[in-house]
Amino acid sequence: SVGLASIRTTGRSRMGGFIHRCKELKRRPHSIMGLLGGKVAVEMYYSEAVASGCYSDLDRAIHSIRDGLTESGTNGIALLEYDNRYYTLSPRAFENREAVVHAELERYILQTRNILLQNREFLEKIADALVEKETLLYSDIQAIRESVTITKCVA
């Protein structure tokens with residue numbers, strides 16, 4: 001889902017660009033894929049490039065995945081984390097949790113890539129409009145969205 005947002009190709013500080021969401025994404029998987037979208041898109045079009053400008057988004061995605069695993073025990077009760085006064089992860093449990101976090105990150109990257117590939121026309125029209133205008137408002141994004149067929153995210 002595109003949601004309410006504006007996009008800018010260049011930031012006002014060290015950022016290379018940014019997306020401003022007027023409304024937070026409610027489901028954790030959508031939020032994670034939204035964070036990974038820039039990295040995945042750059043790597044789709046410039047396979048030899050590393051999307052290093054996406055570091056903070058990648059870091060936030062990893063933390064969100066880790067939080068989801070430790071809050072809900074989604075991938076097993078052993079990944080639940082309790083108040084540190086009562087329970088501390090053993091080094092082995094920590095390594096196991098981080099392996100699951102890494103596997104979940106890879107799964108989300110593949111899912112994000114699949115969504116972007118299925119919606120390539122939208123992605124390319126957004127990229128063209130950004131080259132032309134540098135900043136896209138919600139109304140610009142909506143006009144482009146209405147001009148193409150969007151494949152919905154199933155996460």
Side-chain angles (χ1 to χ4, degrees), residues 1-75 79-81 83-84 88-89 91 93-120 122-142 144-145 150-155:
S1 171
V2 173
L4 301 173
S6 64
I7 305 171
R8 185 175 173 96
T9 57
T10 56
R12 298 180 192 276
S13 62
R14 295 179 304 158
M15 290 183 285
F18 69 94
I19 295 176
H20 170 73
R21 286 186 186 81
C22 302
K23 185 177 171 183
E24 276 303 309
L25 298 172
K26 292 183 181 176
R27 296 193 59 211
R28 189 182 308 262
H30 295 164
S31 178
I32 292 167
M33 287 186 287
L35 289 165
L36 295 172
K39 174 182 178 40
V40 171
V42 166
E43 291 174 357
M44 277 174 49
Y45 285 90
Y46 306 101
S47 59
E48 72 285 349
V50 174
S52 59
C54 303
Y55 175 80
S56 67
D57 289 339
L58 185 59
D59 187 54
R60 288 175 49 208
I62 290 167
H63 278 83
S64 185
I65 291 167
R66 187 178 294 122
D67 290 347
L69 293 171
T70 58
E71 289 169 6
S72 65
T74 310
N75 288 61
L79 297 179
L80 279 173
E81 211 170 277
D83 186 348
N84 285 338
T88 303
L89 285 176
F94 177 81
E95 287 174 17
N96 288 343
R97 185 191 67 192
E98 292 307 296
V100 173
V101 168
H102 180 78
E104 285 293 291
L105 178 63
E106 290 294 329
R107 186 178 67 81
Y108 278 115
I109 287 172
L110 290 172
Q111 192 171 2
T112 302
R113 183 175 291 120
N114 185 43
I115 290 167
L116 291 179
L117 286 170
Q118 290 177 14
N119 294 287
R120 191 174 211 129
F122 175 74
L123 182 62
E124 289 175 359
K125 284 188 174 194
I126 289 287
D128 291 343
L130 279 168
V131 167
E132 181 183 322
K133 289 180 139 185
E134 190 177 289
T135 299
L136 298 180
L137 303 175
Y138 174 72
S139 56
D140 300 320
I141 297 166
Q142 278 303 108
I144 294 169
R145 184 178 183 197
I150 297 290
T151 301
K152 297 281 186 180
C153 169
V154 186

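Worth saying up front: this structure is predicted, and the values here are computed from it rather than measured.
Nearest heavy-atom pair, Thr112 versus Gly37, reported as atom, atom and distance to 0.1 Å: CG2-CA, 3.9 Å. In terms of heavy-atom proximity, Ala61 sits nearest to Leu35 at N-CD1, 3.6 Å. Asp140 and Thr135 get closest at one heavy-atom pair: OD2-O, 4.1 Å. Here the shortest heavy-atom pairing between Val40 and Arg113 reads CG1-CA, 3.5 Å.
With hydrogens and angles ignored, the 3.5 Å screen pairs a side-chain donor or acceptor of His63 with a backbone N or O of Asp59. For Arg28 (side chain) and Ser64 (main-chain N/O), a donor-acceptor pair under 3.5 Å exists by modelled atom type.
Every residue two or more places apart in sequence or in another chain was checked for a side chain to side chain donor-acceptor pair (under 3.5 Å) with Asp128, and none qualifies. Scored by the side chain to side chain contact (heavy atoms under 4.5 Å, CB included) test, Glu95 finds no partners at all (sequence neighbours excluded). Arg120 meets the side chain to side chain donor-acceptor pair (under 3.5 Å) test with Tyr45, Glu124; sequence neighbours excluded.
Here the straight-line distance linking atom CD1 of Ile32 with atom CZ of Arg27 works out to 10.5 Å at 0.5 Å rounding. Leu117 contributes atom CG, which lies 4.0 Å from atom CE of Met44 (distance to the nearest 0.5 angstrom). With rounding to the nearest 0.5 Å, the separation of CD in Glu106 from NE2 in His102 is 4.5 Å. In this structure, Leu123 CG and Ile115 CD1 are separated by 12.0 Å, a value rounded to the nearest 0.5 Å. In this structure, Glu104 CD and Ile62 CD1 are separated by 12.5 Å, a value rounded to the nearest 0.5 Å. Note: Asn114 CG to Asn119 CG = 9.5 Å, rounded to the nearest 0.5 Å.
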*Using the side chain to side chain contact (heavy atoms under 4.5 Å, CB included) rule, take Arg145 and Ile150 through it: C-alpha gap first, then chi angles, then the decisive distance, then the call.*
CA-CA 7 Å; Arg145 184 178 183 197; Ile150 297 290; 3.9 Å; yes

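Between Lys125 and the choices Ile144, Leu130, Ile141, the side chain to side chain contact (heavy atoms under 4.5 Å, CB included) rule is met once, by Ile144.
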